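This one's a predicted model, so the numbers in the text were calculated from it and none came from an experiment. Quick note on labels: first sequence line is chain A, next is B, and so on, each numbered from 1.
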Amino acid sequence: MEQAAQQYLNTFPVATFQKLLLYWFERNMRQLPWRKDQEPYKIWVSEVMLQQTQVDTVIPYYERFMSRFPTLEALAEAEEEEVLKYWEGLGYYSRARNLHQAVKEVKERYGGRVPDNRKEIASLKGVGPYTAGAILSIAYGQPEPAVDGNVLRVISRLLHIEEDIQKAKTRHLFEEIVRHLIPKGRASYFNQGLMELGALVCTPKSPHCLTCPVQEVCRAYQAGMQDQLPVKGKKKKPKTVKIVAGVLMEKGHVLIRQRPDNGLLAKLYEFPNVQWDDQEPDETISRYLFDMYGLRTATVEQWPSVQHTFTHLIWEISVYRLHLAEPLDKLNGFVFPQEEQPFSAARWERIEDLERYPFPVSHQKIKKEIWKRL
DNA sequence: CACCCGTGGAT
DNA sequence: TATCCAAGGGT
């Protein structure tokens, strides 16, 4: 790997590239909320939020999150459910749970100080090779590579590398290359500059080569190959799953439940639902509620269906407003599932209090239908 | 290594 | 409309 990295850098004008990139970044860097200082906790939170998520999407979430959890200690002392509430809508919710767990570990094991070496910081939940490098270089100024999707694209064009950037081995190659590119004492700005260039200039489609600050040293541009790079495999199409959800409303209360601890949308709340296939959806949800919770229900009306697309999955959710066939005395308690079920107890919650719970976007859409009908 | 894990913006 | 894909990590 070391040899391969050297091969690509042989005859490459490293010093010129460093100078051009740093010069450009210092004059074109965006003013972002997490660039006001270099506090490791703030850099950490921003980097986790930015995983697979665009800057413009992150900014309002970051502001709200930092105003509620301004310090590492504040986050460590919070309840997980509240952390999830502040993450509601951002997606990839394991990021929030892992960050919360990791922050608690830093508080206990490291006295609240974020580790400044790759071994310890990379051992934290949710901190992989990229995030470790980002924190080490941006917060601590260490000459560590931080190779994200931008860097893979920029470097593949800059050095005309035709390796498939989706392969793990390629990421290792690029990390070695970046190690040799980092200017002494400038790791923070250099790494951020690489990413900023990828975000603003060296974009995935139709890169802005004519105004690119490193055009004169870019091998892809010299070869007219910028539109063919980076080389990347194709994605699979998401599969459609038919879901039926039941909105069980009685006397200002609605039945909700928490999803299992692991897997899709873990620990978020939802309206009772189940996959359907052969049977009619309204019959399916009615039978499911009886089998699962012993509740006898009747369909009141069908509400607008909800479609929600994940990266690898499409939910087509049929929604039914239901009534209890046998009214219950108290609606403030829990409804326990039959044994051997991954779900915790469902609960009757007051409609006004639904806002206290973190819902995935798919079920927020259903929640909005409830508001409309009050 | 392959697959899973969300959501919204851009083209 | 369809597809890509964005400051990735866990298993």
Side-chain angles (χ1 to χ4, degrees), chain A residues 25 29-30 32-35 42-62 84 87-99 101-102 121-139 145-154 164-172 174-175 178 188 191-200 202-207 227 230 232-239 259-268 270 307-315 358-365:
Chain A
F25 181 66
M29 65 184 290
R30 291 169 288 182
L32 300 171
W34 46 89
R35 283 181 174 163
K42 297 179 185 174
I43 302 297
W44 185 5
V45 171
S46 73
E47 291 299 340
V48 173
M49 285 190 172
L50 286 163
Q51 289 168 8
Q52 298 298 99
T53 311
Q54 296 184 163
V55 165
D56 290 342
T57 302
V58 165
I59 289 174
Y61 279 90
Y62 178 84
L84 279 173
W87 211 272
E88 183 185 53
L90 244 195
Y92 285 140
Y93 300 96
S94 66
R95 292 184 296 175
R97 292 183 289 111
N98 288 337
L99 173 64
Q101 181 186 329
I121 201 171
S123 73
L124 297 168
K125 273 292 183 61
V127 179
Y130 164 74
T131 305
I135 296 172
L136 290 174
S137 62
I138 298 173
V147 176
D148 72 334
N150 286 310
V151 176
L152 288 170
R153 183 173 61 254
V154 168
D164 184 345
I165 63 169
Q166 291 198 331
K167 297 189 174 181
K169 186 180 176 184
T170 305
R171 203 199 69 236
H172 291 301
F174 279 52
E175 285 172 347
V178 171
S188 175
N191 280 344
Q192 292 185 73
L194 278 180
M195 294 187 274
E196 198 86 335
L197 189 69
L200 301 180
C202 196
T203 47
K205 294 169 184 173
S206 55
D227 291 321
K232 199 173 182 181
K234 290 182 180 177
K235 290 187 176 179
K236 294 180 179 178
K237 288 183 180 176
K239 277 195 170 183
R259 293 178 60 84
D261 295 348
N262 298 306
L264 185 66
L265 306 171
K267 294 194 172 182
L268 271 62
E270 65 178 10
Q307 191 177 91
H308 191 77
T309 304
F310 301 91
T311 303
H312 58 295
L313 200 64
I314 300 173
W315 273 358
F359 283 85
V361 168
S362 51
H363 283 252
Q364 286 175 31
K365 294 172 182 172

Qualifying residues under salt bridge (charged side-chain N to carboxylate O under 4.0 Å, His left out), relative to A:E175, sequence neighbours excluded: A:R171

Compare all side-chain heavy atoms of A:L32 with those of A:I59 and state whether any distance is below 4.5 angstrom. yes

For A:D164 and B:dC1, what is the distance between atoms CG and P respectively, to the nearest whole Å? 10 Å

With sequence neighbours excluded, tell me which residues meet salt bridge (charged side-chain N to carboxylate O under 4.0 Å, His left out) with A:R95. none

With a non-hydrogen cut-off below 4.0 angstrom, is A:A146 in contact with a base, only sugar-phosphate, or nothing? nothing

Under the side-chain hydrogen bond (donor to acceptor under 3.5 Å, both in side chains) test, residues paired with A:Q307 that sit two or more places apart: A:E316

Using a 4.0 Å heavy-atom cut-off across all strands, classify A:W315 as base, sugar-phosphate, or nothing. nothing

CD1 of A:I121 versus P of C:dG8: gap in Å, rounded? 16 Å

Using a cut-off of 4.0 Å on non-hydrogen atoms, how would the nucleic acid contact of A:G198 be classed: base, sugar-phosphate, or nothing? nothing

Side chain of A:M195: nearest nucleotide among C:dA7, C:dC5, B:dG6? C:dA7

Sorted by number, the residues of residues 123-138 of chain A with heavy-atom contact under 4.0 Å to DNA chain B: none

Working for side-chain contact (heavy atoms from CB on, under 4.5 Å), residues A:Q192 and A:F25: CA-CA 8 Å; A:Q192 292 185 73; A:F25 181 66; 3.6 Å; yes

For A:Y93 and B:dC4, give me the distance from atom OH to atom C1', rounded to whole Å. 16 Å

Distance check: side-chain N/O of A:Q51 vs OP1/OP2 of C:dG8, anything under 4.0 Å? no

Using nucleotides 9-11 of chain B, report all nitrogen or oxygen pairs with the protein that are shorter than 3.5 Å.
unit_1	atom_1	unit_2	atom_2	d
B:dG9	O4'	A:Q54	NE2	3.3

For A:M49 and C:dG9, give me the distance from atom CE to atom P, rounded to whole Å. 16 Å

Which whole number of Å gives the distance between the C1' atom of C:dC4 and that of B:dG6? 15 Å

Run the side-chain contact (heavy atoms from CB on, under 4.5 Å) check on A:I138 and A:E47 step by step: do they pass? CA-CA 10 Å; A:I138 298 173; A:E47 291 299 340; 3.6 Å; yes

Return the 5'-most residue of the pair A:K169, A:P360 with respect to DNA chain B, ranking by each residue's nearest nucleotide. A:K169

Once the angle between the rings of A:H308 and A:F310 is folded into 0 to 90°, is it parallel (under 30°), tilted (30 to 60°) or perpendicular (over 60°)? perpendicular

Taking B:dC1 as the reference, what is the distance to C:dG9 when you measure between their C1' atoms (whole Å, please)? 15 Å

Can you list everything that forms a salt bridge (charged side-chain N to carboxylate O under 4.0 Å, His left out) with A:K42? Sequence neighbours excluded, please. A:D37, A:E39

Which residues satisfy the side-chain hydrogen bond (donor to acceptor under 3.5 Å, both in side chains) test with A:S362, sequence neighbours excluded? none

By nearest-heavy-atom nucleotide on DNA chain B, the more 5' of A:Q166 and A:L268 is A:Q166

Expressed in angstrom and rounded to an integer, what is the separation of A:Y92 atom OH from B:dG8 atom P? 13 Å

Take atom P in B:dC4 and the same atom in C:dA7, then report the distance between them in whole Å. 24 Å

What contact category does A:R30 fall into here, base, sugar-phosphate, or nothing, at under 4.0 angstrom with non-hydrogen atoms? base

For nucleotides C:dT11 and B:dT7, find the distance between their C1' atoms and express it as a whole number of Å. 22 Å

Counting only side-chain N and O atoms of A:H312, is one of them less than 4.0 Å from OP1 or OP2 of B:dC5? yes

By side-chain hydrogen bond (donor to acceptor under 3.5 Å, both in side chains), which residues pair with A:T131, not counting sequence neighbours? A:Q51

OP1 or OP2 of C:dA6 less than 4.0 angstrom from a side-chain nitrogen or oxygen of A:R153, does that happen here? yes

Please name all residues satisfying salt bridge (charged side-chain N to carboxylate O under 4.0 Å, His left out) with A:E88, sequence neighbours left out, ordered by chain then number. A:K85

Nucleotide B:dA2, atom P - distance to NZ of A:K167 in whole Å: 8 Å

Whole Å only: how far is the CD atom of A:E88 from the P atom of B:dT7? 10 Å

How many whole angstroms separate atom CG of A:L313 from atom P of B:dT7? 11 Å

